[in-house]
Amino acid sequence: MVEYSSPNTNKPLHLGHLRNIFLGYAVAEILKAIGHKVTKVQIINDRGIHICKSMVAWQKFGNGETPESSGIKGDKLVGKYYVEFDKLYKTQQAELMAKGKTEEEAKQEAPVMLEAQEMLRKWEMKDQEVYGLWQKMNGWVYKGFESTYSAMGVDFDKLYYESDSYLLGKDEVLKGLEKGIFFQREDGSIWVDLTEEGLDQKALLRKDGTSMYITQDIGTAIMRFRDFPDTVYQIYTVGNEQEYHFNVLFKILKKLGWQQADACYHLSYGMVELPEGKMKSREGTVVDADDLIAVMAGVAKEVAEEQGKLDGLVESEKELLYHTIGMAALKYFLLRVDPVKNMLFNPKESIDFNGHTGPFIQYGYVRTRAILRKTEKSVRKFDLSKVVLNQAEKSIIVKLHDFPEVLAEAAKRYNPGLVANYCFELVKDFNSFYQNVPILREENIDLRNFRIALCDKVGSLVQAGMRLLGIEMPERM
RNA sequence: GGUCCCGUAGCUCAGGGGAUAGAGCAACUGCCUUCUAAGCAGUCGGUCGCUGGUUCGAUUCCAGCCGGGAUCACCA
């Protein structure tokens, strides 16, 4: 089982999610390719204080605004009210501090925050009005996410919602308390003591009885253990800032008696940073996923129009192609880097379409396809004994032979970057061969047909390799 | 402060106990009447953070240090 994406429903997807989603998807595909049966799952963090914040703000300032009435994509609309909440919250904090409160007090006592907390309590009691609003606004978000996922070309086999699993989590925490695995403080909050495991004490349930992030994660994990009892590996694709959290989670599951905890693995990846540092939603430096996808297709269009190679195609085919090429650039950019490393995205320089990039690889593939289109399959026979290999061909053949090893290593290390870099090297060798060695122009029939076969082989391997990364190969570009 | 991760060309990144450490971008030279130039051929550019250790051999493994990041909430 591979989990990826795990979005909150209070704001749209951004560049960080993109790395997560492409990474999780690629790891799942790579594991499939070496023979595992893989279930791709998504956990949707649809409940909690964060969505209550958007809800409070919408009630205050929304005037009934909907995606339909405003023409704003659902997830973006809800995100807009999340920002509204934050603005008001900041203002109220400042007012309280002006009246002599400490920053800590101001944060806790700001009226909107109290409203959001009250709303969370009402939600947990299934208050009709709150619940209805929650369903409505989440519905907007899901629709928005769906369109983004579809543009990204990723899919899931099963969706989990925290609103379905947090009660189970709460239950399990209470059961654990009865069994003496956890303990309760005087104020009523419930804790686990992990000091023997080298960690700390960690709260599992608030004093008001509402559940926390970790509570719902316990529930979700157990739900999955039950749904998929044969799962050998449960991989959580989540950023490295949550390493401690997963450490704690797995130890708690073990304490609760789930041996499957040993099969759980946190596939941790580094942050995508901007030249000025981390993306901050508060400072508006977050790179929006939809925007970036659109920009990439736009660049693909510019390049294509400049070169005029697609002039024979109808508009809809062109648009599809721009998207295919743009996504290749974007996905390749994010996947070629070792997941454990932080990486840099510079919006000013944008993402390249030349050199070590997705489009470069697509271009190599397109060249193989152009060659193959010009020959009949039936007349491609050759006598290998009459073929003497040149250096370029040898180099390609050696690389072709390496693929299974690269794939195995990528699976073992959960690192799609190995496949990405492999495909680049193969295409680089192929391009050199293509440009320096005659193929269709070769007069010796055995040699010509051998070279055509080599094109075929390179093309299909590159296509297969890139497919594992979720990157599609066009027929022409 | 504890724990974890990262440090390789001006920039972005590969690599990995063994020979002259690679690629892309940037800069500069050539190459489209010839299978699509989103390309090819080439020039320039590195005491692989520092110091020790293990080893016949370390950029790679180990330790310490320095620099950068993450995390240690009744946040998610």
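Letters A, B, ... mirror the listed sequences (proteins, then strands); counts begin at 1.
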Next on the checklist: Could you report the tightest heavy-atom contact between A:Trp134 and A:Arg47, atom names first, then the distance?
Outcome noted: NE1-CA, 4.2 Å
Among [options], the nucleotide that comes nearest once only the side chain of [X] is considered:
| X | options | value |
| --- | --- | --- |
| A:His50 | B:rA76, B:rC13, B:rG24 | B:rA76 |
| A:Tyr434 | B:rA37, B:rG69, B:rC40 | B:rA37 |
| A:Phe360 | B:rG15, B:rU34, B:rG39 | B:rG39 |
| A:Lys428 | B:rA23, B:rA76, B:rC72 | B:rA23 |
| A:His245 | B:rA37, B:rA76, B:rA70 | B:rA76 |
| A:Ser432 | B:rG69, B:rC6, B:rC40 | B:rC40 |
| A:Met212 | B:rC40, B:rA37, B:rA76 | B:rA76 |
| A:Arg336 | B:rC35, B:rU12, B:rG39 | B:rU12 |
| A:Asn240 | B:rG15, B:rC4, B:rA70 | B:rA70 |
| A:Gln435 | B:rC40, B:rC35, B:rC13 | B:rC40 |

Checklist entry - How would you label the contact of A:Asn45 with the nucleic acid (heavy atoms, under 4.0 Å): base, sugar-phosphate, or nothing? => result sugar-phosphate
Checklist entry - So what does A:Val337 hit on the nucleic acid, given a heavy-atom distance under 4.0 Å: a base, only sugar-phosphate, or nothing? => result sugar-phosphate
Next on the checklist: For the residue pair A:Arg224 and A:Tyr160, would you count it as a cation-pi contact if the rule is NZ or CZ under 6.0 angstrom from the ring centre and within 45 degrees of the ring axis?
Outcome noted: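 Output yes; distance and angle both within limits.
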Item to check | Residues forming a side chain to side chain donor-acceptor pair (under 3.5 Å) with A:Lys399, sequence neighbours excluded | outcome: A:Asp429
Next on the checklist: Rounded to whole Å, please give me the gap between NZ in A:Lys202 and C1' in B:rC72.
Outcome noted: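 That distance rounds to 9 Å.
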Next on the checklist: Check the orientation of A:Trp58 and A:Trp140. Use parallel for under 30°, tilted for 30 to 60°, and perpendicular for over 60°.
Outcome noted: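 A:Trp58 and A:Trp140: perpendicular rings.
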Checklist entry - What interatomic distance, in whole Å, is found between C1' of B:rC13 and the corresponding atom of B:rU20? => result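 Approximately 22 Å lies between the C1' atom of B:rU20 and that of B:rC13.
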Next on the checklist: Please report the distance separating the C1' of B:rU8 from the corresponding atom of B:rG46, rounded so that it comes out in whole Å.
Outcome noted: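 Taking atom C1' in both B:rU8 and B:rG46, they lie 8 Å apart.
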Checklist entry - OP1, OP2 of B:rG39 versus side-chain N and O of A:Asn354: anything below 4.0 Å? => result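 Yes, within the criterion.
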Anything under 3.5 Å between a protein N or O and an N or O of nucleotides 19-22 of chain B, put it in a table, one pair a line.
none

Item to check | Contiguous pairing runs of three or more, Watson-Crick or G-U under 3.5 Å, that involve RNA chain B | outcome: B:1-7 with B:66-72, B:10-13 with B:22-25, B:27-31 with B:39-43, B:49-53 with B:61-65
